[in-house]
Structures are given as structure tokens and as C-alpha cells.
Undergrad: 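Here it is, the structure, as C-alpha cells.
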Amino acid sequence: MNNETTTLISLKEAMKRVDHKLQALEAQFKELDFTKDNLTQKFEHHSKTLANQAAQYELWTAVLSFKFTPMELNILYSYVIEVLIRLHTRVLEKLPDLVRGLPTLASILRRKVKNKRIRVVWESVLEEHGMQEEDITALCTFFVAHGNKAEHYIAKVRQMYIKDVNFMITNMVKNQALQDGLLKAVQVIEKGKAVRAPEEQKSSLEELTPSAKS
């Protein structure tokens with residue numbers, strides 16, 4: 001009996017040691033899994049940051065390497081400034097109590113990041129005009145690059161110089177984000193709203209599909 005008891009005790013102690021080792025291994029695996037997830041998230045964030053930086057670099061390169069004549073540049077600038085003013089004005093119409101706090105479009109873009117009310121109104125205004133954030137980024141980049149030297153032409157003057165501004169943009173602006181932004185600016189000013197490209201419409205429908213099914 002003594003030998004059996006001793007053997008049983010030794011077996012229990014061995015099982016305890018094995019169980020402790022298993023628990024330690026499980027904790028290590030959990031820590032490794034957490035570390036893996038953390039590294040994956042950091043990598044994805046870093047990849048997105050690099051992609052955004054690359055897109056911004058390409059956009060600035062395109063804006064600064066324009067081959068337009070001064071007259072053509074002024075015409076593009078006229079559409080850009082008019083659409084930016086229109087968007088700013090529309091936001092203020094929806095937020096009359098914040099008029100003094102949102103004196104410029106830049107103030108809207110800055111404050112919408114932390115102010116949900118401004119952000120919701122801004123997004124609704126973009127939707128009204130058939131535009132997206134990427135379009136505004138492109139137009140603001142154009143404005144910053146050329147606003148200090150360009151002149152505004154009224155509609156009649158623009159039509160005198162350029163009969164088909166859409167063709168001019170499509171033919172000479174090769175950066176897709178900038179081309180889309182400029183074309184939409186023209187559409188908004190001439191027709192009141194930009195027409196979304198088929199891929200944008202498809203994307204919007206895909207975003208609405210889950211809510212429609214639920």
C-alpha cells in the first residue's frame with residue numbers, strides 16, 4: 001500500500017507540474033497572439049499611412065507640374081474657388097448658430113474632426129453636391145498651390161475662352177484624384193451637382209446593402 005500511495009502521490013504531483021506547464025504555455029500563446037494582433041494592426045496602420053503619403057505626394061506633384069497657360073489656370077481656379085465657396089456657404093446655411101465660428105472652409109475642415117454636428121452637416125453637404133472627401137482634398141491642394149497667383153473669371157468670360165473645359169481637364173490632368181475633383185467642380189458650378197462615376201455609385205450601394213438586409 002505504501003508503494004502504491006507513494007506512486008499515486010508522485011503521479012498527482014507530476015500531473016500538477018504538467019498542468020502548470022500547460023497553463024504557462026497557454027499564457028505564452030495568448031501573449032504571442034496578442035503581440036501578433038498588435039503588430040498586424042500597426043503594420044496595417046503604417047501601410048495606410050504610407051499609401052496616403054504616396055497619394056498626397058502624387059497629388060502635389062500633379063498640381064505643381066501643370067502645363068496650363070495662365071488663362072487656362074485661371075479658368076480652373078475659378079471653378080475651384082466657386083465650388084469651395086458654395087460648400088462653405090451651404091454648411092453655414094445649415095449651421096446658422098456657428099457662422100461666426102466657421103469663417104472659412106478651412107475652419108470647417110479643421111473643426112469637423114472633433115465636432116460631430118459639423119461633421120454630419122459637412123458630409124450631408126458633400127452628398128448633396130455629389131462630392132467626396134477625396135475631391136475636396138484635391139481641390140484644396142490646387143487652391144493652396146495656385147490661389148496666390150490665379151485670377152477669378154466669371155462664367156461669361158470662361159465660356160469665351162474655353163468651349164469645353166471638361167475635355168481640357170480630361171486631356172491634360174493625368175492624376176485621377178485631381179482630374180475627378182476638377183471635373184466635379186465644373187459639374188457642380190454648371191449643373192448644381194456632380195454626377196458620380198459608376199464605381200462610386202457601386203461603392204455607395206455596397207455600403208448601404210448591410211443596413212438594407214438587416
Side-chain angles (χ1 to χ4, degrees), residues 49-95 98-115 118-119 121-123 125-194:
T49 300
L50 289 176
N52 289 335
Q53 289 177 347
Q56 279 291 317
Y57 175 79
E58 291 177 2
L59 180 59
W60 273 102
T61 301
V63 169
L64 295 174
S65 60
F66 271 163
K67 302 299 182 182
F68 292 110
T69 66
M71 178 268 293
E72 291 170 337
L73 191 65
N74 289 339
I75 289 176
L76 292 179
Y77 168 80
S78 300
Y79 282 109
V80 170
I81 191 63
E82 285 184 19
V83 78
L84 294 180
I85 290 173
R86 176 178 293 207
L87 295 174
H88 178 229
T89 302
R90 186 67 181 124
V91 170
L92 296 184
E93 289 174 354
K94 293 193 171 196
L95 297 171
L98 296 181
V99 169
R100 298 183 67 180
L102 299 171
T104 62
L105 182 67
S107 63
I108 293 174
L109 298 178
R110 183 173 60 253
R111 293 187 58 186
K112 75 179 178 66
V113 177
K114 295 183 178 180
N115 189 308
I118 296 174
R119 182 167 64 254
V121 169
W122 170 250
E123 290 172 353
V125 169
L126 288 184
E127 182 68 24
E128 286 177 8
H129 292 81
M131 304 190 77
Q132 297 181 314
E133 287 286 355
E134 293 82 0
D135 304 319
I136 305 307
T137 299
L139 296 180
C140 286
T141 302
F142 177 96
F143 177 79
V144 170
H146 300 291
N148 64 328
K149 56 187 176 183
E151 297 180 24
H152 176 263
Y153 288 172
I154 62 174
K156 288 183 178 180
V157 175
R158 295 197 293 260
Q159 292 168 3
M160 284 173 52
Y161 287 118
I162 300 292
K163 297 301 181 182
D164 191 347
V165 67
N166 291 308
F167 176 78
M168 181 182 77
I169 294 171
T170 304
N171 189 48
M172 298 187 68
V173 180
K174 301 307 178 184
N175 179 273
Q176 194 62 54
L178 184 58
Q179 184 185 112
D180 290 344
L182 291 172
L183 288 173
K184 287 183 181 180
V186 173
Q187 290 177 355
V188 168
I189 297 306
E190 294 188 349
K191 300 180 181 179
K193 181 177 181 178

Undergrad: Is there a side-chain contact between His152 and Glu82, using heavy atoms and a 4.5 Å cut-off?
TA: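 They are in side-chain contact.
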Undergrad: Are Lys149 and Tyr77 close enough that some pair of their side-chain heavy atoms sits under 4.5 Å apart?
TA: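 No, too far: nothing below the 4.5 Å cut-off.
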Undergrad: With the side chain counted from C-beta on, respond yes when His129 and Val83 share a heavy-atom pair under 4.5 Å apart, and no when they do not.
TA: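 With C-beta onward as the side chain, the pair stays apart.
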Undergrad: Test side-chain contact (heavy atoms from CB on, under 4.5 Å) on Thr141 and Trp60 and set out the steps.
TA: CA-CA 7 Å; Thr141 302; Trp60 273 102; 3.5 Å; yes
Undergrad: Look up atom OG1 in Thr137 and atom CG in Leu178, then write down how far apart they are to the nearest 0.5 Å.
TA: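 Reported value, rounded in 0.5 Å steps: 11.5 Å.
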Undergrad: If you apply the rule side-chain contact (heavy atoms from CB on, under 4.5 Å), what do you find for Asp180 with Glu134, and how did you get there?
TA: CA-CA 9 Å; Asp180 290 344; Glu134 293 82 0; over 6 Å; no
Undergrad: Write down the atom of Ile108, the atom of His88, and the distance for their closest heavy-atom approach.
TA: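 Scanning both residues completely, I find the closest heavy atoms to be CD1-CD2, 3.3 Å.
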Undergrad: What pair of heavy atoms forms the shortest contact from Leu102 to Leu92, and how long is it?
TA: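 Taking Leu102 first and Leu92 second, the nearest heavy atoms are O-CD2, 3.6 Å.
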Undergrad: About how many Å separate CD1 of Ile85 and OG1 of Thr104, when rounded to the nearest 0.5 Å?
TA: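 Thr104 atom OG1 to Ile85 atom CD1 measures 11.5 Å (nearest 0.5 Å).
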Undergrad: Please check this pair: side chain of His146 against backbone of Val63, looking for a donor-acceptor N/O pair closer than 3.5 Å.
TA: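 Yes; judged by distance alone, with no hydrogens or angles, the pair exists.
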Undergrad: Tell me if a side-chain donor or acceptor on Asp135 pairs with a main-chain N or O of Gln132 at a distance below 3.5 Å.
TA: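 Yes: the side chain of Asp135 pairs with the backbone of Gln132.
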Undergrad: If you compare all heavy atoms of Arg158 against all heavy atoms of Tyr153, which two are closest, and at what distance to 0.1 Å?
TA: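 Nearest heavy atoms, Arg158 then Tyr153: NH1-O, 2.7 Å.
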Undergrad: Checking side-chain contact (heavy atoms from CB on, under 4.5 Å) for the pair Cys140/Leu109: CA distance, chi angles, key distance, verdict?
TA: CA-CA 11 Å; Cys140 286; Leu109 298 178; 4.0 Å; yes
Undergrad: To the closest 0.5 Å, what do you measure between NZ (Lys174) and CD (Glu58)?
TA: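 It is 15.5 Å, given to the nearest 0.5 Å.
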Undergrad: For Arg86 and Arg90, run side-chain contact (heavy atoms from CB on, under 4.5 Å): C-alpha distance rounded to whole Å, both residues' side-chain angles, the deciding distance at 0.1 Å, then the answer.
TA: CA-CA 6 Å; Arg86 176 178 293 207; Arg90 186 67 181 124; 5.5 Å; no
Undergrad: If you compare all heavy atoms of Leu139 against all heavy atoms of Val80, which two are closest, and at what distance to 0.1 Å?
TA: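 That closest heavy-atom pairing would be O-CG1, 3.6 Å.
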Undergrad: With rounding to the nearest 0.5 angstrom, report the CD to CD1 distance, Glu151 to Ile81.
TA: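 So the gap between those two atoms works out to 13.5 Å.
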Undergrad: Relative to each other, are the rings of Phe66 and Phe142 parallel, tilted or perpendicular (30° and 60° limits)?
TA: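 Ring orientation of Phe66 relative to Phe142: tilted.
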Undergrad: Calculate, to the nearest 0.5 Å, the distance between atoms CH2 and CG belonging to Trp122 and Leu105 respectively.
TA: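 Going from the CH2 atom of Trp122 to the CG atom of Leu105 covers 4.5 Å.
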Undergrad: Taking atom CD of Gln56 and atom OG1 of Thr61, what is their separation to the nearest 0.5 Å?
TA: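 These two atoms lie 10.5 Å from each other.
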Undergrad: Taking the side chain from Gln179 and the backbone from Val173, do they hold a donor-acceptor pair closer than 3.5 Å?
TA: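 Checking the backbone N and O of Val173 against the side chain of Gln179, a donor-acceptor pair under 3.5 Å is found.
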Undergrad: Minimum heavy-atom separation for Glu190 and Val165, please, with both atom names.
TA: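 Closest approach of Glu190 to Val165: OE2-CG1, 4.3 Å.
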Undergrad: Look only at the side chain of Thr170 and the backbone of Phe167, and say whether a donor-acceptor pair between them is shorter than 3.5 Å.
TA: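 Checking the backbone N and O of Phe167 against the side chain of Thr170, no donor-acceptor pair under 3.5 Å is found.
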Undergrad: Work out which heavy atom in Asn74 is nearest to a heavy atom in Ala150; give both atom names and the distance.
TA: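 Heavy atoms of Asn74 and Ala150 come nearest at OD1-CA, 3.4 Å.
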Undergrad: Evaluate the side-chain proximity of Ile136 to Leu87: yes if any heavy-atom separation is below 4.5 Å, no if none is.
TA: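 With C-beta onward as the side chain, the pair touches.
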